[in-house]
Each structure stands twice: as C-alpha cells, then as structure tokens.
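Down below is the structure, laid out as structure tokens.
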Amino acid sequence: MKEEHKDFSKVPWHGIPRKDIEWYPRIIEESCIGCGLCYLSCGRDVYDFDFKNKKPLVARPFNCMVGCNTCSMICTQDAIEFPSLGWLRNIIKKNKITGRAKKKIKEIEQGKSEL
Ligand code: SF4
Ligand code: SF4
C-alpha cells in the first residue's frame, strides 16, 4: 500500500512561499549513529528512515516548520544542522514578518481574522 505523507510545502510562512525559505535539517552522516530519535520525534513528517542502513533521510525538507530545530536539540550526537539564527532573523527583517505578525494579531483581536 502506498504510504500517505503530509505536505506542508505549499503552506506559506507569514505570506512567504515556503519553498523560498531554505530552512530544514541537514544530517551530518559521519556523526549520526542511526538511533532514529529525529525520525520518531518530528511531527511534520520531514524524515523517512532507511531501515537497512539505519539512517534518517530528510525526505520532505519543506515540511519543516520555519524556526523549529527540535530534532537538532534532541540529537545527542549533534548530527543535525540548521541555518544560523542570524540568517533566519535576516529573513524575518527583510520580509517585515514582525509587522505582518502585529497586523495579524490586531485582526484576530478585532474578530476580522482567525489563527
Ligand atoms: S537523532 Fe541524531 S543520531 Fe539519531 S538518527 Fe537522528 S541524526 Fe542520527
Ligand atoms: S526542526 Fe522540527 S519540524 Fe523540522 S524536521 Fe526537526 S522536528 Fe521536524
């Protein structure tokens, strides 16, 4: 039976097409011990797992939630990398995301929009 996967890649991030933001995990192969914790813990279906070679695969990178780095935090081998915080903050600044967020909060408060 064909496995069904979630697809968040078409959901924009605060108005920016998700695929325009290169935020997703990269596995450092030499450090990974194949424990599978990243694969088991991601709620966005980013990973597949290669059971034969005991390695996680970043199969659906744009499913990753922009700014999330949970899998990297829980990897005991430091085998998962993300772009830097400065890089992400730059994207936020460049695209005026803070202003967009404030506007959205106001709209929700006034009942003109939903979360
Ligand atoms: S949590 Fe780290 S060590 Fe474990 S499979 Fe994922 S990348 Fe490899
Ligand atoms: S950062 Fe979060 S959403 Fe992205 S792959 Fe890791 S656990 Fe999944």
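All ligand and atom numbering here is 1-based and tracks the order in the structure. Positions are given from 1, in the same order as the sequence printed here.
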Salt-bridge contact Arg60-Asp45 (side-chain N to carboxylate O under 4.0 Å): yes
Under 4.0 Å, heavy-atom basis, I'd like to know which part of Cys32 is in contact with ligand 1: side chain, backbone, both or neither. both
From Cys35, does some N, O or S atom reach closer than 2.8 Å to atom 4 (Fe) of ligand 1? yes
Which of the atoms of ligand 1 are close to Ile33, meaning less than 4.0 Å from one of its heavy atoms? 3 (S), 8 (Fe)
Residue selection (non-hydrogen contact nearest atom 8 (Fe) of ligand 2) among Cys42, Ser41, Pro25, Gly67: Cys42
Identify, by atom number and element, the atoms of ligand 1 in contact range of Gly36, meaning under 4.0 Å from any of its heavy atoms. 4 (Fe), 5 (S)
Here's a test for you: under side chain to side chain contact (heavy atoms under 4.5 Å, CB included), which of Ile92, Ile91, Val66 qualifies with Ile97? Ile92
Kindly state whether the ring of Tyr47 and the ring of Tyr39 have centres lying under 6.0 angstrom apart. no
Using a 4.0 Å cutoff against the non-hydrogen atoms of Tyr47, which atoms of ligand 2 qualify? 5 (S)
Near Ile80, which atoms of ligand 1 are under 4.0 Å from a heavy atom of that residue? 7 (S)
For Pro56, the ligand 1 atoms with a heavy-atom partner under 4.0 Å come out as 5 (S), 6 (Fe)
Would one find an N, O or S atom of Cys68, in either backbone or side chain, under 2.8 Å from atom 2 (Fe) of ligand 2? yes
Taking only non-hydrogen atoms of Met65 and a 4.0 Å limit, the atoms of ligand 2 in range are 3 (S)
Determine whether Phe62 and Trp23 make a side-chain contact, defined as any pair of heavy atoms from C-beta on separated by less than 4.5 Å. no
Distance filter under 4.0 Å to Gln77 heavy atoms, resulting ligand 1 atoms: 3 (S)
Which residue and non-hydrogen atom of the protein lie closest to atom 2 (Fe) of ligand 1, and at what distance in Å? Cys75 SG, 2.3 Å
With a cut-off of 4.0 Å, which atoms of ligand 2 are near a heavy atom of Cys71? 1 (S), 5 (S), 6 (Fe), 7 (S)
Just heavy atoms, cut-off under 4.0 Å: does Thr76 contact ligand 1 by side chain, backbone, both, or neither? neither
